[in-house]
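In what follows, chains are A, B, ... by sequence order, proteins preceding strands, each numbered from 1.
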Amino acid sequence: MTLSLRARLLVGAVAGTTTVLLAAGALLYWQIRAGLRQEFDRALTARASVLASLVEQEDGRLEFDFDERVIPEFARAEGAEYFQIRRRDGQVVARSRSLGTADLELPGGDVAGPALRDVRLPDGRAGRSVTILASPRNESPNPPAEPSQIVISHARSTADVEAALRRVCWVMGCIGAVAVLLSSLLLTMIVGAGLRPLGELARQLAGLRPDEPSARVRLDRSPPELTPVVDQTNSLLQRVEAALEREKAFSADVAHELRTPLAGLRSTAEVSLSRPRDAQSYRDDLLQCLTITAQMQHMVGNLLCLARLEAKQVPCSREPVCLDSLLRECWEPLETAAREKSVEVIWQSAPAGEIISDRDKLRQVFTNLLENAVSYVDEGGRLTVTAEAVHGGTEVAIANSGSRLSLEDAPRTLDRLWRGDNGRQHTGTHCGLGLPLARKLTELLGGRLTVESELGGVFSVTLRLGPPAAVTNAAAIAICLDGPARDPHPKAF
Amino acid sequence: MRVLLVEDYAPTRNALSKGLQEAGFAVDASADGEEGLWYARSAPYDVIILDLLLPKLDGLTLLATLRREGCEAHVLVLTARDTLEDRVRGLNTGADDYLVKPFRFEELLARVQALVRRKYNRKDPLLRVGELEIDTLRKQARRDGEAIDLTAREYALLEYLARRAGEPVSRAEIWEHVYDFHDCAQSNVVDVYIGYLRRKLERPGRPRLLHTRRGQGYVLEIDS
């Protein structure tokens, strides 16, 4: 089970706080313990020094001037302290009454400074002893050059210290537990407050509905960490809304584009049938209906092809294609129309230029572009076809004079159903799908199609054909278009 | 009645022109907005059938211009866009009616005829002047129940005079409302057709219906 962010933060924070408190408590405890023991040792050593000061040497004899009434701890039956005074050679000089016949153990080795160690007292209690080396008092007028030295051992119980330490430990433990509890509550509140913007963001995202594409996420006083998330989310929502609007507009445009020829079809048929007519009239009207049907078929075919290309359902074939031959093959049916407009046609393609590509799709692209060029070139204008090898590929350019589009409008020709003017006089032959389809096909072939235009100048389309498309079918696949709509009785619209 | 058709899609334009002419209307047709505006300014059309998506000048701008200039022709908008916003925009700009493509020609014709009746404040499709009855839907005329055989131009002339029954109608007005730009402008063509109409309309011993008012024109009314 994945832990929530809140749980992770809380567990981590509480664990961290507890660890810190434990470490601090342990440190404090050891500091207090060290201090108490140090104080104990100091008192122990001081008491031993006091005992040493009570030893007097006179005429080579050591006398211990000690009154039990002054320090009654050494005479108690219970809870007593102990001392033992020896010469360097180990001869006992004095011992406390509480010690009885027992001896206080001496530390190993030669005693130089105060030697402190934990011991077990004669009555079984835990204790601590100090052993010091001292010189007895000598108040004779001629003290010896090398005074004798005595070893004083003093021991007392550490029960009080241990009890104090236990009390400290208990208090610190209680305080620590309360601190952990309080800090957990505080951390819960802090984490909750800190995660509130994230919760609000999650709530808003969960509340987004598909039928409200214009909805956006908004966080008041958004923390800096969430600002990029909010901005990127809103940017994504904006792109989704724009895409939905484009789809909606496209659907409306398609309906509109199809309604225009449908209206022509219906009006032609209804007027024809409104009264008896001669055979030639009926024939003319039927031919008109056929022409409109062909236009609609062309448009529907283009739409279907675009849909399949966008769904990536169109495979590509690979074969050697001579670009110059293919271009001229596509140009042949348009020669008459170009001649009627007195267009000057300039060919600048290398006859032997060959690439590996899908012939049918290239034919469709070239046909679309050449038809466009012939339709929109001005009377007596110029149409140029160029094909040349460039670094890493081949470039084909088809340009016509008499452009009615500005530089800014040129890229829009690649939008589906976009047209430079509102008119529908070219409906069926040019419904704004030719260039978008050419672009999609070019991209399928691994190339790139760009458009440039100058108002009143040249409109040019350039194909950059790079490495051939991936092979998915060895045989050539028929293109999804039946070919451009051909009016059996071409007339100028 | 004279109709201006502004539609850029040729098959629709040709079919509607033909159908309206056969229905007795004088029809001028244009394929773009600029030419359509020129036509609309050049003659007092009874009805203008206007497509919205036109080259050179879109239909809504054309309509707004005409209304601003005080054009009183009734306008029927034809368009493939059928959203509520498009309809409201068209009507608010000054259209009198709205028809979405594709449509039945029969419905277009009925709406045009309704607009004509509205223009002349006559809601009844049956026009009566004394014992003369004119069925504007069937394009037939009867006097005393007897059918009068009229050509399309004669009927159009009679219908126009009947819609303005009791008012003197000048030759110029007849020319503007019964003929289109393709008709040959001859100075006496109206008089000739008035003569044809009189011969078919008047009955011996029956009150005269078609009168000439010197200096004013012609008037269709019962001879008092």
Handout entry: Contacts of residues 92-101 of chain B with chain A (heavy atom under 4.5 Å)
Key = B:Val100, B:Lys101
Exercise for the section: Quick one: do B:Asp32 and B:Asp8 satisfy side-chain contact (heavy atoms from CB on, under 4.5 Å)? Show the steps, please. Expected result: CA-CA 6 Å; B:Asp32 68 71; B:Asp8 62 321; over 6 Å; no
Exercise for the section: Test side-chain contact (heavy atoms from CB on, under 4.5 Å) on B:Ile148 and B:Arg142 and set out the steps. Expected result: CA-CA 5 Å; B:Ile148 304 170; B:Arg142 290 178 177 277; 5.7 Å; no
Problem - Audit row: A:Ile292, B:Tyr9, side-chain contact (heavy atoms from CB on, under 4.5 Å) steps and yes/no - result: CA-CA 11 Å; A:Ile292 298 171; B:Tyr9 186 53; 3.6 Å; yes
Problem - Under 4.5 Å from any heavy atom of chain B - which part of A:Thr268 - result: both
Exercise for the section: Could you tell me whether A:Glu452 atom CD has more than 12 heavy atoms of other residues or ligands within 6.0 Å of it? Expected result: no
Problem - Cation over ring face, B:Lys139 and B:Phe25, 6.0 Å, 45° - result: yes
Practice task
Would you please test B:Val3 and B:Asp46 for side-chain contact (heavy atoms from CB on, under 4.5 Å) and show each step?
Solution key: CA-CA 6 Å; B:Val3 170; B:Asp46 297 297; 5.8 Å; no
Handout entry: Under 4.5 Å from a heavy atom of chain A, the part of B:Glu22 involved
Key = both
Problem - Listed partners of B:Arg128 passing side-chain contact (heavy atoms from CB on, under 4.5 Å), at least two apart - result: B:Asp124, B:Leu126, B:Glu133
